[in-house]
Amino acid sequence: MRVFKITAKRVIVIILGALLAIPILLMPPVWQLKSGPVDVTRWPKTGEQTFSIGPQWKHWVPIKSVSWHVLHAIMVAEDARFLDHMGIDPTAIYNSLKLNLEKGRYVRGASTISQQVVKMTLLSPEKTLLRKFREILGALLMEQLLSKEEILEWYINLTEFGDGVFGIKDAAFHYFDTSPELLTIQQGANLALVLPSPNAWSVGLRSRKLTAFGHRRYAHIIEMMFQQGFINEPLRKAALATGDFGRPIDPNMPDEGDEQIPADETEEAP
């Protein structure tokens, strides 16, 4: 009778096999996003909603049918290095850890647009480290399977803009009575500024008069769009002169009781 011997070499092979198997077992099925559809669950104020979404969905908006102004505004607001990173943003992670340590509490995350797409389509909203780990794994693989345009297309069709409004098509109509391809720089920045806390930060968007916080966040988005070359100086000046629904933007406006969360202290799930 042959006795199976546990040697150091076999132990190493077993450990390595287990380490390789764990990510595979925990990997969200991001390959489904290549064509869709996927079943998505949302929890708006009206109650839980589950439906299938993907490029075949009747409300789906192809990225080529969306104004580049709003796409640029969303990128600088949510993920300034979206076009450069491979799913996660080490710089954002470092800055987030630094701020959290300085504040002594969790005040800001570092989720990329890619991570958010994985979370919104394939994971639950539970606030656990395991979910975050799966989100990161999924984002890294998704960046290998989908183009940046495909990832951004999923994001703009999924994300909430406050008031129970999901997706860029409904947001453009709900807030500005227009279509996604006709959104202006000002409208794009106003939609982008509510992210990533749409219900809390859409107060000014709903009332068509920005709060002091809204003025500061809008000005920051326009400045980032200018610095990254998405708009020129004349467009930058025009956007600041009319950004508050036709009124000028004042980035130094006093709070006057404005209880909005500062842009560098957004509460975000781990």
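Quick note: residue numbers are just sequence positions, from 1. Worth saying up front: this structure is predicted, and the values here are computed from it rather than measured.
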Strictly distance-based, threshold 3.5 Å: is any side-chain N or O of [X] a donor or acceptor partner for the main-chain N or O of [Y]?
| X | Y | value |
| --- | --- | --- |
| Glu143 | Leu140 | no |
| Lys34 | Leu146 | no |
| Asp170 | Val165 | no |
| Ser197 | Ala200 | no |
| Arg216 | Pro251 | no |

Query raised in the report: Which pairs count as side-chain hydrogen bond (donor to acceptor under 3.5 Å, both in side chains) when at least one residue sits in residues 50-68, sequence neighbours excluded?
Result: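 Every side-chain hydrogen bond (donor to acceptor under 3.5 Å, both in side chains) pair that includes a residue of residues 50-68, provided the two are not neighbours, is Asp39-Ser52, Thr41-Thr50, Trp60-Glu153.
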
Query raised in the report: Under 3.5 Å, is there a donor-acceptor pair between the Gln116 and Ser111 side chains?
Result: no

Report task. Tell me, with the steps shown, if Arg247 and Phe245 meet side-chain contact (heavy atoms from CB on, under 4.5 Å). Result -> CA-CA 6 Å; Arg247 298 175 292 268; Phe245 299 91; 4.2 Å; yes

Are any non-hydrogen side-chain atoms of [X] and [Y] less than 4.5 angstrom apart?
| X | Y | answer |
| --- | --- | --- |
| Ile222 | Ile185 | yes |
| Val117 | Met142 | yes |
| Thr242 | Pro248 | no |
| Phe230 | His69 | no |
| Gln187 | Tyr175 | no |
| Leu122 | Gln32 | yes |
| Phe133 | Glu135 | no |
| Trp31 | Leu141 | yes |

Requested in this report: Would you kindly confirm whether Phe173 and Leu71 end up in one hydrophobic cluster when ILVMFWY residues are joined by side chain heavy atoms under 4.5 Å apart?
Outcome: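 They do not share one cluster, since no chain of ILVMFWY contacts under 4.5 Å joins Phe173 to Leu71.
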
Requested in this report: Identify whether Met86 and Leu137 are in the same connected component of the hydrophobic contact network (ILVMFWY, side-chain heavy atoms under 4.5 Å).
Outcome: no

Query raised in the report: Where do Gln115 and Lys132 land on the side-chain contact (heavy atoms from CB on, under 4.5 Å) test, with the steps shown first?
Result: CA-CA 9 Å; Gln115 289 175 247; Lys132 193 67 175 181; 3.7 Å; yes

Looking only at non-hydrogen atoms, find the nearest pair between [X] and [Y] and report the distance.
| X | Y | answer |
| --- | --- | --- |
| Ile249 | Ala239 | CG1-O, 4.4 Å |
| Ala189 | Ile221 | O-CD1, 3.9 Å |
| Asn190 | Val194 | O-CG1, 3.8 Å |
| Met224 | Ala80 | CE-CB, 3.7 Å |
| Ala192 | Ala77 | O-CB, 3.8 Å |
| Trp201 | Leu195 | CZ3-O, 3.3 Å |

Requested in this report: Establish, for the pair Lys148 and Phe82, whether the NZ or CZ atom is under 6.0 angstrom from the six-membered ring centre and no further than 45 degrees off its axis.
Outcome: yes

How long is the straight-line distance from [atom2] of [Y] back to [atom1] of [X], given to the nearest 0.5 Å?
| X | Y | atom1 | atom2 | result |
| --- | --- | --- | --- | --- |
| Thr159 | Met120 | OG1 | CE | 5.0 Å |
| Leu33 | Ile151 | CG | CD1 | 9.0 Å |
| Leu152 | Ser114 | CG | OG | 9.5 Å |
| Asp177 | Leu182 | CG | CG | 11.0 Å |
| Ile74 | Ile168 | CD1 | CD1 | 5.0 Å |
| His220 | Glu223 | NE2 | CD | 9.0 Å |

Query - Residues in side chain to side chain contact (heavy atoms under 4.5 Å, CB included) contact with Glu233, at least two apart in sequence or another chain - result: Phe226, Arg236, Lys237

Query raised in the report: Do other residues, nucleotides or ligands put more than 12 heavy atoms under 6.0 Å from Phe51 CZ?
Result: yes

**Report entry** Steps toward side-chain contact (heavy atoms from CB on, under 4.5 Å) verdict (Phe166, Leu158)
**Finding:** CA-CA 6 Å; Phe166 291 86; Leu158 287 163; over 6 Å; no

**Report entry** Residues Thr121, Trp154; criterion side-chain contact (heavy atoms from CB on, under 4.5 Å); working and verdict
**Finding:** CA-CA 9 Å; Thr121 55; Trp154 273 98; 4.1 Å; yes

Report summary line: Residue pairs meeting salt bridge (charged side-chain N to carboxylate O under 4.0 Å, His left out), one or both in residues 75-92, sequence neighbours left out, come to Arg81-Asp89

Requested in this report: Take Ser179 and Lys169, measure what side chain to side chain donor-acceptor pair (under 3.5 Å) needs, and give me the verdict at the end.
Outcome: CA-CA 6 Å; Ser179 56; Lys169 182 178 181 179; over 6 Å; no

